[in-house]
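To start, the structure itself, in structure tokens.
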Amino acid sequence: MSDKVDQQAPAKDEKDFILERKERLKKLIEMGIEPYGRKFVRTGTMKEYTDGFEEGKQVTVAGRVMAWRGHGKTVFADLRDRTGKIQIYARKDELGDAVFELFGCIDIGDVVGVSGKLVKTRTGEVTVHVETFTFLSKAMMPLPEKWHGLKDIETRYRQRYLDLITNEDVRAVFMTRTRIVSLIRKFLDDQGYIEVETPMMQALAGGAVAKPFKTHHEALSTDLYLRIAPELFLKRLIVGGLEKVYELNRNFRNEGISRRHNPEFTMLEIYAAYEDYGTMMQLTEDLVVSVCGVLGIDLKTGIPGIDLTTPWRRVSIYDALKEHTGIDFKTCGNVKEAAVKLGVEFDKTAKDHDVVNEIFETCVEKKLVNPTFITDYPIVLCPLAKAKKEDPSVAERFELYVNGQEIANAYSELNDPAIQLENFLRQVEGTGKEIDADYVRALEHGMPPAGGLGIGIDRLVMLLTKQDSIRDVILFPQLKPEKKEC
RNA sequence: GGGCCGCUAGCUCAUCUGGUAGAGCACCACCCUUUUAAGGUGGCUGUGCUGAGUUCGAGUCUCAGGCGGCUCACCA
């Protein structure tokens with residue numbers, strides 16, 4: 001479909017309407033008019049004037065021409081900015097023949113600035129009665145269809161600007177994303193957390209298990225990896241005494257792309273010294289409740305089919321499994337036999353706890369619609385977490401599931417360097433991979449007990465904006481590059 | 001990587017079983033001094049994703065490729 005997308009096609013292929021627009025552009029230039037304008041001082045936004053209408057108020061606004069309704073000696077047009085839409089109205093008898101003709105050189109899609117008085121038409125629509133106008137940017141390309149908008153999914157992602165111009169709901173989603181991110185920062189800042197930035201390029205891609213992207217630094221003559229998680233660096237800062245830190249930024253994982261996975265995605269990681277995973281559970285609830293409050297999302301009814309009312313359910317992974325499979329895996333003698341019976345596929349060489357995890361993902365995960373904290377993960381699945389005092393076989397850890405997908409992951413951080421070293425060594429056994437020895441060294445200097453939390457921001461935004469695909473909450477999702485035509 | 005589905009005008013979509021493509025919007029011309037999916041009259045618009053094959057004839061059938069979507073696999 002690459003030919004559907006404009007890419008500076010040679011002149012011979014240009015459509016009539018583009019040639020016509022180029023002609024008009026030439027005409028403007030010949031008249032000494034700049035088709036691509038300069039700094040333009042506005043007195044306010046569309047929303048300010050449509051919401052707070054004042055008859056006769058002199059205003060200057062700027063925006064993109066979205067619709068054009070000519071009536072012979074008058075013209076109505078719609079101008080849109082980031083905040084909304086306002087109608088403009090021009091009359092030949094007021095502007096004069098020459099100026100009115102110039103006004104007629106405006107095409108749909110152009111960015112223009114207009115000055116005039118605010119009036120209401122007889123149907124009550126707030127309108128700028130145009131006295132002067134300025135070309136700010138002539139559009140050479142036509143806009144997508146005004147009524148149906150831009151639907152083609154590929155074009156929407158590849159030419160997101162068209163999607164944003166045309167589809168108001170898309171714009172709203174991304175405005176909401178921006179607000180969510182900024183509200184989260186404010187929430188954490190207000191609680192004394194400090195935002196830090198740790199390396200995106202790491203010699204060892206640690207803190208999670210995922211295939212990293214590899215790159216190379218010439219001057220250091222060394223291979224580096226794009227980070228798969230900031231965790232190990234953030235905890236070094238806990239060792240360093242920063243006590244309450246967070247980082248809200250990109251992670252990169254060189255794995256499959258799907259409705260729920262983008263190679264680069266935004267992760268929030270939070271660490272608090274002297275706390276534990278219980279604190280993080282509370283923090284997770286508080287954070288979501290706070291964000292919903294500001295956004296005006298009712299916890300009970302705001303997201304159809306999902307009840308966000310706190311406190312959220314807390315259930316151990318074994319109880320959740322029992323509930324959905326009828327099998328108690330804590331006492332179950334033959335896990336693999338149970339998996340076969342449940343129709344869950346697994347690697348024959350996998351260990352029992354991996355199979356249990358597999359069963360959880362297949363049989364339970366999708367059914368966790370309302371927010372649910374799953375706790376008591378087998379400690380072997382959590383090499384960076386502290387074991388429960390009363391039951392060392394499970395970790396002080398939870399994962400939060402909402403709408404069948406994992407949104408957050410947290411634990412009481414393991415701060416025993418000896419156990420950490422053991423866990424690392426067990427992890428890399430037989431893989432030929434290196435362990436992060438400096439992280440162990442950092443722990444040897446003493447890390448206060450701490451709670452750590454990771455929240456997938458894209459997935460949180462998906463939830464709060466009711467989007468089914470991660471691509472609809474990422475402005476420029478990763479796609480195959482367009483094929484260049486030769 | 002596997003399976004299924006999609007790709008037709010700038011955009012949104014039609015084109016039943018094979019007979020060389022249409023509508024609306026946009027665009028162009030003319031008319032129209034409060035319209036708002038403005039209206040009226042007339043007009044222009046195509047590499048039917050690409051390539052090969054079958055056929056007298058392919059947008060339509062077959063094969064290969066491209067891009068996308070969903071899904072499975074992968075994925076702490």
Side-chain angles (χ1 to χ4, degrees), chain A residues 1-6 9 13-21 23-24 66-78 85-95 100 107-109 119-127 129 139-159 162-163 165-167 207-212 228-229 231 253-261 263 265 345 347 353-354 357-358 360-362 365 377-378 380-385 395 397 399 406 409 411 427 454 468-469 471-472 477 479-485:
Chain A
M1 204 171 290
S2 61
D3 58 340
K4 262 190 143 173
V5 177
D6 62 294
D13 289 345
E14 280 186 355
K15 297 291 173 191
D16 286 351
F17 47 73
I18 296 173
L19 294 172
E20 277 153 9
R21 285 179 182 230
E23 275 307 305
R24 219 166 289 139
M66 299 303 292
W68 185 269
R69 296 178 290 279
H71 291 260
K73 298 184 180 66
T74 65
V75 172
F76 289 92
D78 293 335
K85 189 183 84 178
I86 205 162
Q87 179 170 260
I88 64 174
Y89 175 59
R91 295 173 63 102
K92 190 176 188 176
D93 58 359
E94 293 167 352
L95 294 179
F100 191 75
D107 288 303
I108 290 178
V119 297
K120 264 190 184 171
T121 63
R122 67 178 172 212
T123 52
E125 176 149 358
V126 175
T127 301
H129 196 127
M140 291 298 108
M141 303 292 294
L143 285 182
E145 215 249 3
K146 65 179 173 187
W147 190 239
H148 299 94
L150 179 65
K151 286 238 174 72
D152 185 274
I153 292 173
E154 185 177 353
T155 310
R156 284 187 42 226
Y157 295 154
R158 289 200 194 277
Q159 296 181 270
L162 289 179
D163 195 24
I165 289 169
T166 316
N167 298 324
V209 175
K211 200 185 288 178
I228 56 175
E231 173 156 356
R253 296 187 182 178
N254 203 344
E255 283 161 2
I257 297 178
S258 78
R259 212 157 52 89
R260 295 173 177 188
H261 301 264
F265 61 100
E345 287 176 28
D347 188 339
H353 55 257
D354 289 321
N357 202 35
E358 190 64 42
F360 177 80
E361 283 172 14
T362 314
E365 198 176 306
Y377 284 82
V380 285
L381 292 173
C382 319
L384 295 160
R397 174 184 180 185
E399 286 194 349
E406 184 192 337
N409 179 20
Y411 32 83
Q427 254 188 313
D468 292 328
S469 172
R471 297 185 188 91
D472 292 320
L479 302 176
K480 262 200 187 184
E482 278 181 80
K483 257 180 87 178
K484 292 277 185 305
E485 281 167 31

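Hydrogens, waters and symmetry mates are skipped; everything else that's a heavy atom, side chains included, is used. Below, read A as the first sequence line, B as the second, and so on, with proteins coming before strands; counting in each chain starts at 1.
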State the pairing partner of [N]; accept Watson-Crick or G-U wobble contacts with both distances under 3.5 Å, and report none otherwise.
| N | value |
| --- | --- |
| C63(B) | G51(B) |
| G10(B) | C25(B) |
| C4(B) | G69(B) |
| C74(B) | none |
| U17(B) | none |

Between protein and nucleotides 25-30 of chain B, what N or O pairs are separated by less than 3.5 Å?
{"from": "A26(B)", "atom 1": "OP1", "to": "Lys146(A)", "atom 2": "NZ", "distance (Å)": "2.9"}
{"from": "C27(B)", "atom 1": "O2'", "to": "Glu20(A)", "atom 2": "OE1", "distance (Å)": "2.5"}
{"from": "C28(B)", "atom 1": "OP1", "to": "Arg24(A)", "atom 2": "NH2", "distance (Å)": "2.4"}

* To do: Assign Arg260(A) to base, sugar-phosphate, or nothing according to its heavy-atom contacts below 4.0 angstrom with the strands shown.
  =>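 Counting heavy atoms under 4.0 Å across all strands, no contact is made by Arg260(A).
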Is the phosphate of [N], meaning OP1 or OP2, less than 4.0 Å from a side-chain N or O of [X]?
| X | N | result |
| --- | --- | --- |
| Arg69(A) | G39(B) | no |
| Arg259(A) | U71(B) | yes |
| Arg91(A) | U34(B) | no |

* Starting at the 5' end of RNA chain B, which residue's closest nucleotide do you reach first, Gly149(A) or Tyr157(A)? ->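 The answer here is Gly149(A).
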* Name the residue closer to the 5' end of RNA chain B, choosing between Thr121(A) and Lys480(A) according to the nucleotide with the nearest heavy atom. =>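 The residue mapped nearer the 5' terminus is Thr121(A).
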* Asked: What nucleotide among U33(B), C11(B), C70(B) has an atom nearest to a side-chain atom of Ser469(A)?
  ->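 Of the candidates, C70(B) comes closest.
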With [atom1] as the reference atom in both, quote the distance from [N] to [M] in angstrom, rounded to an integer.
| N | M | atom1 | result |
| --- | --- | --- | --- |
| C28(B) | C44(B) | P | 15 Å |
| A23(B) | G43(B) | P | 11 Å |
| G46(B) | C27(B) | C1' | 15 Å |
| A26(B) | C67(B) | P | 35 Å |
| U54(B) | C11(B) | P | 34 Å |

Can you give me the N/O atom pairs linking the protein to nucleotides 74-76 of chain B at distances under 3.5 Å, or say none if there are none?
{"from": "C75(B)", "atom 1": "O3'", "to": "Val209(A)", "atom 2": "O", "distance (Å)": "3.4"}
{"from": "C75(B)", "atom 1": "O2'", "to": "Glu255(A)", "atom 2": "OE1", "distance (Å)": "2.6"}
{"from": "A76(B)", "atom 1": "OP1", "to": "Val209(A)", "atom 2": "O", "distance (Å)": "2.6"}
{"from": "A76(B)", "atom 1": "N6", "to": "Gln427(A)", "atom 2": "NE2", "distance (Å)": "2.3"}

